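One structure, as C-alpha cells, below. Some questions next.
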Amino acid sequence: MPGKKHIFNKIKVQKQLYLIYLIAIFVPVTIIGGYLVYSSRSLLLDHYKELAYADNLRVKSLLLDITSDIYNRSQTLANSGALVKFLSTDYRMEPERSTNILTETNLAELLSQDVSIHQIVIYTFNDTIPESAHIRHITDDIRKQGWFARASGSVAPFWSKTVVSDDFGNEMESLCLYSHIFLPRQNSYAILNMTLSNNHIKNRIEGNSLYTVIWLKDDGIFYRSSRNAPQYDLITSYAPGANASYTGTVDLEEKMIGSVSPLLASYSRDLFYIASVNDSGYAYIRKITRTYLAILLLILIATSIFISLFSNYFSSRVIALREAMHNASLGNYHVIDAYSGEDEISDAFADLNIMIQDILHKEASIYEAQIRAQLLENQQQRMEFKMLASQINPHFLYNTLETIRMRSIKAGCLEVANGIKLLGKSMRYVLQNTATSFTTLEKELDYIQTYLAIQKLRFHDRVNYSLKIRTQIELDEYSIFPLLLQPVVENAILHGLEDVEENGRIIIHILTRGDKLHIVIFDNGCGMTLEQIDRMQQNMRHHPEESSKSIGLYNIYHRIQLYYGSAYGIHIQSRMRLGTAVTLVLPAPGTDP
C-alpha cells in the first residue's frame, strides 16, 4: 500500500536482490542439495550393506553344506566295518596283510575321487600297523598337541585349524574335522582326521568382488579369499556373539563395508565366523559424494555469478535514473538522451527525457553551446560503456568455445569439436598459470600433450608424439615452473620437423640419473651441425638483445639457473638427418637444489 513502510524500503536495491537470492535460491538449493547428497550417500551405503549381508548369507549356506558333507563322509568312513576290522587286528605276525586290508578301506581311492578332501589321516594306538600317508601312531608328541587332548576328552566330532603343505611344499592353513573311530573288540578307539581342500572351498565360495574371511572362534582364520583380505582386526573388533551378526562400517586399514555373522555347526559345538567385506564401496561412495557436491557447488557458483551480474546491471540502471532525476532537480538537464530497454525503468527514463527536452527547447538559445558539449561528452561516455560491455573475460571465452564445440558435435564435425576442446583446455592452463610461480609436473605434461594434440591436428602425420616415464616419480607432487616445456616442444616442431613430410616424431622421456631429473625432448627431424649447436648454446647463455632467435631457450635456461643453481640447465645433442634431443636437467624429487 502507498505510504506503508516495509523492511525492504531501508535496503539498497542491489542488496535487496542479493537478499532475495540468498533467501529464495542459495539457502533452499544448499539445503535441498545437501539433503539429496546425504540421501544418495545413505542409499549407496545401505545398498553395499545389503550386498555384504546377502553375500554373507550365501557363504554361510555354502559353508554349512561343505562342513555337513565332510561330516557325513567322516561318519561313513568311521563306521566302516572294514576300517574297524583293520584298526582292531594285530599284524605283528603278518605285517604284509595290513597293506591289503588298508587298500580294502579305499582311503586312497576316496581321497582321489573327492576333490573336497585334501588329506585323510587316521591316528591309532595299534603300533602293529605300519605308518603310511594315511596312518599315524599316537606318540607322546601327538598326545601333547591340543587337538588330541580335546579328542581324547570327548567323543563328539569337532573342527580345528591345521597347517598342511600343497604339492609344491607351500604351507597353508586349512580346516579339518576330528572324529572318533570306536574299536569295541579292543575297548579302544582311533581318531580320524579329514582336512578340507582350500581349493574346493575357494571354488564353492568365491563368486564376486567381495573379500571372504572365515575363522573358528578359538583357532583363528583358516580361509581368506585373497591375500589382501583383512585378518585379525576382524576377529578382535567385529566378532559378534553366537546369536548375533554385524553389518556396517568396518574400520581396518581404511574404511570398508562388511557383514560378520556366526555359524554354529549343527553336529558339534564349534562356532564359525564368516566375514564378507567390500573394500571398494566407500571409495565409490566418496567419489559419488564429491561429484554431487561439485555439481551443487557449480550450480551455486553459476547462480551467484548470474545474480551478481544482473544486480550490478539493474543497480546501474536505477542509479543512472536516480542521478538523471537528481541532476534535473538541480537544473542540470544534460542527461543521456536514450536509455535502452522496454521495461518500467526505460519508460521512466523516457518520460524524464521528454520533460528535459521541453525545458531545453525553451532554453535552447541560452544553453545551445553547453548542450553540444554535453552531447559530445555523453557520446564519448556511451562509447566507453560499449567498450566496457564488450570486454571478454575468460569465462565468456570458455563458454563461447564450449558452445562452438557442442554445435560442431551436433553437426558431425568431431575433429573440429576436438580441436576446440583442446584449444580451450590449453588456454585455460596458460591463463591459470600466468601469475603462478609453480605447477605440478603432471599438469605441465598434461598441457604439453594437449599442445601436441593441437599440433597433430594442424600437421597430421608430420607430428606424432609419445611420453615415456622410466622412473617412479609422483607427477602430481613434483613442482616445476609453469610453461617450461612448451617452448622446447615448439622449437622441435617448427625447426626440427620443418622439412619432415611424414612420420615426424616428438618423444618426451622422463628419467632420473643420480640426484637429477632429466626431461628429454627428442625430434627425429633434420638435426643440426656442430656449428649450429654451438651457436644455439651461445645464444641460450648470452642472448643478443637485437636477436629474437632462441629467446625461448634463453628464458628457460636462465629461469632454471637462477632458481636451482649452475648445476642445472639445458643440454643439446643433435646429429644431421637423425634428429635433436634437448635435455632439461632439474633436481630429482626430494633433492634440495
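Bear in mind the structure is a predicted one, so any value in this text is a computation, not a measurement. Just the heavy atoms: all of them, side chains too, but no hydrogens, waters or symmetry mates, feed the values below.
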Which residue pairs pass the salt bridge (Lys or Arg N to Asp or Glu O under 4.0 Å) test with at least one member in residues 46-56, sequence neighbours excluded?
->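 The answer is D55-R58.
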Under a 4.5 Å cut-off applied to non-hydrogen side-chain atoms, are I214 and I205 in contact?
->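 They are in contact (side-chain heavy atoms under 4.5 Å apart), so the answer is yes.
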Heavy atoms only: give me the nearest P157-Q75 pair and the separation to one decimal.
->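 Smallest heavy-atom distance, with atoms named: CG-NE2, 3.8 Å.
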L475 versus I469: any side-chain heavy-atom pair under 4.5 Å?
->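 Side chain of L475 against side chain of I469, heavy atoms only: contact under 4.5 Å found.
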Rounded to the nearest 0.5 Å, what separation is found between the CG atom of L77 and the CZ atom of R73?
->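 Reported value, rounded in 0.5 Å steps: 11.0 Å.
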Can you list the steps and then say if H518 with I510 is a side-chain contact (heavy atoms from CB on, under 4.5 Å)?
-> CA-CA 6 Å; H518 288 235; I510 299 177; over 6 Å; no
Going through the distances and angles, do I70 and L175 end up as a side-chain contact (heavy atoms from CB on, under 4.5 Å)?
-> CA-CA 11 Å; I70 295 298; L175 181 67; over 6 Å; no
What heavy-atom pair brings F438 and S479 nearest, and what distance separates the two atoms?
->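 So the two residues come closest at CD2-CB, 4.2 Å.
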Would S245 and Y53 count as a side chain to side chain donor-acceptor pair (under 3.5 Å) if you check the C-alpha gap in whole Å, the side-chain angles of each, and the deciding distance to 0.1 Å?
-> CA-CA 10 Å; S245 61; Y53 180 76; 5.7 Å; no
Mark yes when over 12 heavy atoms from residues, nucleotides or ligands other than D476 sit less than 6.0 Å from its CG; otherwise mark no.
->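 It does: D476 CG has more than 12 such atoms within range.
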Partners meeting side-chain hydrogen bond (donor to acceptor under 3.5 Å, both in side chains) with N56 (sequence neighbours left out) =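 For N56 the side-chain hydrogen bond (donor to acceptor under 3.5 Å, both in side chains) partners, ignoring immediate neighbours, are S261.
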For S61, which residues count as a side-chain contact (heavy atoms from CB on, under 4.5 Å) partner, sequence neighbours excluded?
->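 S61 satisfies side-chain contact (heavy atoms from CB on, under 4.5 Å) with no other residue.
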Does W215 reach the side chain of F272, with side-chain heavy atoms less than 4.5 Å apart?
->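 Counting from C-beta outward, W215 and F272 never come under 4.5 Å.
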To the nearest 0.5 Å, what is the distance between CG (N203) and OG (S116)?
->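 Answer for the CG-OG pair, N203 versus S116, is 11.5 Å.
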Could I get the full list of side-chain contact (heavy atoms from CB on, under 4.5 Å) partners for Y21, not counting sequence neighbours?
->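 For Y21, the residues satisfying side-chain contact (heavy atoms from CB on, under 4.5 Å) (neighbours in sequence not counted) are I25, F26, T303, S304, I307.
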Would you say the ring centroid of Y246 lies under 6.0 angstrom from that of Y273?
->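 Centroid distance Y246-Y273: not below 6.0 Å, so no.
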Contacts under 3.5 angstrom, residues 179-186 side chains, donor-acceptor by atom type, not counting sequence neighbours:
{"unit_1": "H180", "atom_1": "NE2", "unit_2": "A151", "atom_2": "O", "d": "2.6"}
{"unit_1": "H180", "atom_1": "NE2", "unit_2": "S154", "atom_2": "O", "d": "3.2"}
{"unit_1": "Q186", "atom_1": "NE2", "unit_2": "S88", "atom_2": "O", "d": "2.9"}

Considering only heavy atoms from C-beta outward, does the side chain of V59 approach that of Y223 to under 4.5 Å?
->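 No, every pair of side-chain atoms sits at 4.5 Å or beyond.
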Partners of D127 by salt bridge (charged side-chain N to carboxylate O under 4.0 Å, His left out), sequence neighbours excluded?
->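 If we apply the salt bridge (charged side-chain N to carboxylate O under 4.0 Å, His left out) test to D127, skipping adjacent residues, there are no hits.
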L44: side-chain contact (heavy atoms from CB on, under 4.5 Å) partners, not counting sequence neighbours |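 Partners of L44 under the side-chain contact (heavy atoms from CB on, under 4.5 Å) test: Y284, I285, I288.
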Sequence neighbours excluded, which residues qualify as side-chain hydrogen bond (donor to acceptor under 3.5 Å, both in side chains) partners of S268?
->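 So S268 forms a side-chain hydrogen bond (donor to acceptor under 3.5 Å, both in side chains) with D270.
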Partners passing side-chain contact (heavy atoms from CB on, under 4.5 Å) against T195 (at least two apart in sequence or in another chain) =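 Counting only residues at least two positions away or on another chain, T195 forms a side-chain contact (heavy atoms from CB on, under 4.5 Å) with H118, Q119, T162, V164, S174, C176, N193.
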Test side-chain contact (heavy atoms from CB on, under 4.5 Å) on V27 and I23 and set out the steps.
-> CA-CA 6 Å; V27 173; I23 296 174; over 6 Å; no
Measure across V84 and A78 and return the closest heavy-atom pair with its distance rounded to 0.1 Å.
->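 Nearest heavy atoms, V84 then A78: CG2-O, 3.9 Å.
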Between K144 and D140, does at least one N-O distance fall below 4.0 Å, as a salt bridge requires?
->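 No, K144 and D140 are not salt-bridged.
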H137 side-chain N/O to T128 backbone N/O, donor-acceptor pair under 3.5 Å =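 Here the side-chain-to-backbone pair does not exist.
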Gap between atom CG of L63 and atom OG of S68 - 0.5 Å precision |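 With rounding to 0.5 Å, OG (S68) is 9.0 Å from CG (L63).
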Does T247 have any side-chain hydrogen bond (donor to acceptor under 3.5 Å, both in side chains) partners at least two apart in sequence or in another chain, and if so, which?
->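 Testing T247 for side-chain hydrogen bond (donor to acceptor under 3.5 Å, both in side chains), a comparison that skips the adjacent residues, returns S259.
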Strictly by modelled atom types, are Y71 and W159 linked by a side-chain donor-acceptor pair under 3.5 Å?
->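 Side chains of Y71 and W159: no pair found under 3.5 Å.
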Looking at CG of L297 and CZ of R290, how far apart are the two atoms once the value is rounded to the nearest 0.5 Å?
->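 L297 atom CG to R290 atom CZ measures 14.5 Å (nearest 0.5 Å).
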Apply side-chain hydrogen bond (donor to acceptor under 3.5 Å, both in side chains) to D65 and list each qualifying residue two or more places apart in sequence or on a separate chain.
->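 Partners of D65 under the side-chain hydrogen bond (donor to acceptor under 3.5 Å, both in side chains) test: R204.
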L445 and L485: side-chain contact (heavy atoms from CB on, under 4.5 Å), yes or no, with the steps?
-> CA-CA 8 Å; L445 292 176; L485 308 182; 3.9 Å; yes
Give the minimum heavy-atom separation between S74 and L177, together with the two atoms involved.
->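 Closest pair (atom of S74, atom of L177, distance): OG-CD2, 3.4 Å.
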So, do P262 and K217 sit near enough that their side-chain heavy atoms are less than 4.5 Å apart?
->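 Answer no - side chains too far apart.
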Could you give all pairs that pass the salt bridge (Lys or Arg N to Asp or Glu O under 4.0 Å) test and reach residues 438-449, with sequence neighbours left out?
->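 Qualifying pairs, neighbours excluded: K425-D446.
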Point-to-point distance, once rounded to the nearest 0.5 Å, from CG of L467 to CD1 of I506 =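 So the gap between those two atoms works out to 13.0 Å.
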Side-chain touch R136/I122, heavy atoms, less than 4.5 angstrom |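 Sidechains of I122 and R136: no contact.
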Is the CD atom of E131 crowded by more than 12 outside heavy atoms at less than 6.0 Å?
->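 For E131, atom CD is crowded (more than 12 foreign heavy atoms under 6.0 Å).
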pair Y465-I508: side-chain heavy atoms closer than 4.5 Å |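 In short, these two side chains do not touch, never coming nearer than 4.5 Å.
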Any donor-acceptor N or O pair under 3.5 Å, side chains S280, N278 |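 Note: S280 and N278 side chains meet the donor-acceptor criterion.
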Could you state the interatomic distance from CZ (R224) to OH (Y211), rounded to the nearest 0.5 Å?
->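 Output value for this atom pair is 10.0 Å.
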Do other residues, nucleotides or ligands put more than 12 heavy atoms under 6.0 Å from Y189 OH?
->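 More than 12 heavy atoms, drawn from other residues, nucleotides or ligands, come within 6.0 Å of this atom.
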Any chance CZ of F306 has more than 12 other-residue heavy atoms, nucleotides or ligands included, within less than 6.0 Å?
->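 Atom CZ in F306 is not crowded, with 12 or fewer foreign heavy atoms closer than 6.0 Å.
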Note, F125 side chain near L87 side chain (heavy atom, < 4.5 Å) |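 Result no, sub-4.5 Å side-chain heavy-atom pair not found.
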Main-chain N/O of F148 paired to S152 side chain as donor or acceptor, under 3.5 Å |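 Yes; at least one donor-acceptor contact below 3.5 Å.
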How about D219 and S160: does a side-chain donor come under 3.5 Å of a side-chain acceptor?
->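 Yes - a donor-acceptor pair under 3.5 Å links their side chains.
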Taking all heavy atoms of L263 and all of L64, pick out the closest pair and write down the distance.
->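 That would be CD2-N, 4.0 Å.
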OH/Y292: more than 12 non-hydrogen atoms of other groups inside 6.0 Å |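 12 or below, so no.
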